[in-house]
Visitor: 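Sharing a structure here in structure tokens format.
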Amino acid sequence: MFEIIKVKNYDEMSDRAFELIKEIVTTKPDCVLGLATGSTPLGLYKLMVEDHEQNGTSYRGVTTVNLDEYVGLPEGHPESYRYYMEQNVFSKIDIPAENTYLPEDGEDPTEQCEKYETILDRLGVDLQVLGIGSNGHIGFNEPGTSFDSQTRVVDLDESTRRDNSRFFNSIDEVPKQALTMGIASILKAKKIVLLASGANKADAIAAMVNGPQTPDVPASALQSHPNVIVIVDEAAAQSL
Ligand code: PGA
């Protein structure tokens with residue numbers, strides 16, 4: 001079930017998402033937040049940090065689990081998602097480091113993925129923040145992913161590597177693999193908020209909401225979830 005909230009632009013999308021986060025963090029101080037990386041949630045994270053600094057909203061009891069991480073980037077690499085989360089969120093709020101989880105490749109990535117799935121089951125995500133790829137992916141679950149999928153190592157689509165090459169010196173530097181929560185892992189969250197801004201997301205949003213449920217559009221799996229809020233700006237909503 002989708003509740004669709006159409007807003008004017010990126011800033012309004014971030015404001016609405018922030019209201020949801022603030023509500024859950026204040027009413028359930030030990031909540032588990034599922035977090036995403038990429039350009040889309042940056043405005044939301046900025047608002048969380050400002051609110052923490054100005055109003056003292058605390059994340060001391062909060063636990064976070066991230067959707068995904070590249071395989072093979074050295075620790076501290078500026079494009080790793082751990083680095084992104086540290087820079088944009090974790091180092092700027094009062095969340096204890098041990099409460100922040102991201103998938104890690106380590107020596108045996110498959111074993112790490114199984115461990116991550118166990119952590120997800122143990123914690124239980126209250127609110128999962130999602131972006132959407134222009135190809136309809138959620139997390140790094142690329143088109144063709146089974147809806148039963150759990151946390152695992154995946155090959156990245158060329159379209160995703162192209163989209164993300166804007167953060168690297170060249171496309172050759174974009175990792176070819178990632179660790180990602182699966183679609184079944186994401187669907188276990190009690191509530192999901194999916195954010196989309198910009199015309200390059202319009203086709204994916206329309207296919208997610210109005211198209212058939214198909215692995216060709218991984219986000220269409222969300223049609224089966226009972227509690228999904230979609231916050232879209234005018235450009236991303238133009239094909240709805
Ligand atoms: P973006 O990525 O926020 O950088 O557009 C979204 C995604 O690929 O899920």
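These numbers come from the heavy atoms of this one structure, side chains and all, not from hydrogens, waters or symmetry mates. FYI, the numbering just counts along the sequence from 1. We count ligands from 1, going down the list as the structure has it; atoms in each ligand are counted the same way.
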Visitor: Please list the nearest protein heavy atom to atom 2 (O) of ligand 1 with its residue and the distance rounded to 0.1 Å.
Guide: Lys201 NZ, 4.2 Å
Visitor: Once ring pair (Phe, Tyr, Trp, His ring centres under 6.0 Å) is applied, do any residues pair with Phe2, and if so which ones, sequence neighbours excluded?
Guide: none
Visitor: Which of the numbered atoms in ligand 1 are below 4.0 angstrom from a heavy atom of Gly38?
Guide: 3 (O), 4 (O)
Visitor: Could you tell me whether Tyr70 and Phe168 have their ring centroids closer than 6.0 angstrom?
Guide: yes
Visitor: Considering the heavy atoms of Arg166, write down every atom of ligand 1 situated less than 4.0 Å from one of them.
Guide: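 Taking each heavy atom of Arg166 in turn, ligand 1 has 4 (O) under 4.0 Å.
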Visitor: Measuring from atom 3 (O) of ligand 1, which candidate in Ile132, Thr40, Leu130 has the nearest non-hydrogen atom?
Guide: Thr40
Visitor: Sequence neighbours excluded, which residues qualify as side chain to side chain contact (heavy atoms under 4.5 Å, CB included) partners of Asp157?
Guide: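 With neighbours one apart ignored, the set is Asn135, Glu142, Pro143, Ser159, Thr160.
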Visitor: Looking only at protein heavy atoms, which one is nearest to atom 7 (C) of ligand 1, and what is the separation?
Guide: His137 NE2, 3.4 Å
Visitor: Between Tyr81 and Pro103, is there a donor-acceptor pair closer than 3.5 Å when you use the side chain of the first and the backbone of the second?
Guide: no
Visitor: Taking only heavy atoms of Gly131 into account, list the atoms of ligand 1 that are under 4.0 Å away from them.
Guide: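 Within the 4.0 Å cut-off of Gly131, ligand 1 contributes 9 (O).
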Visitor: Counting N and O atoms only, with roles assigned by atom type, does the side chain of Asn55 sit under 3.5 Å from a partner on the main chain of Thr57, one being a donor and the other an acceptor?
Guide: no
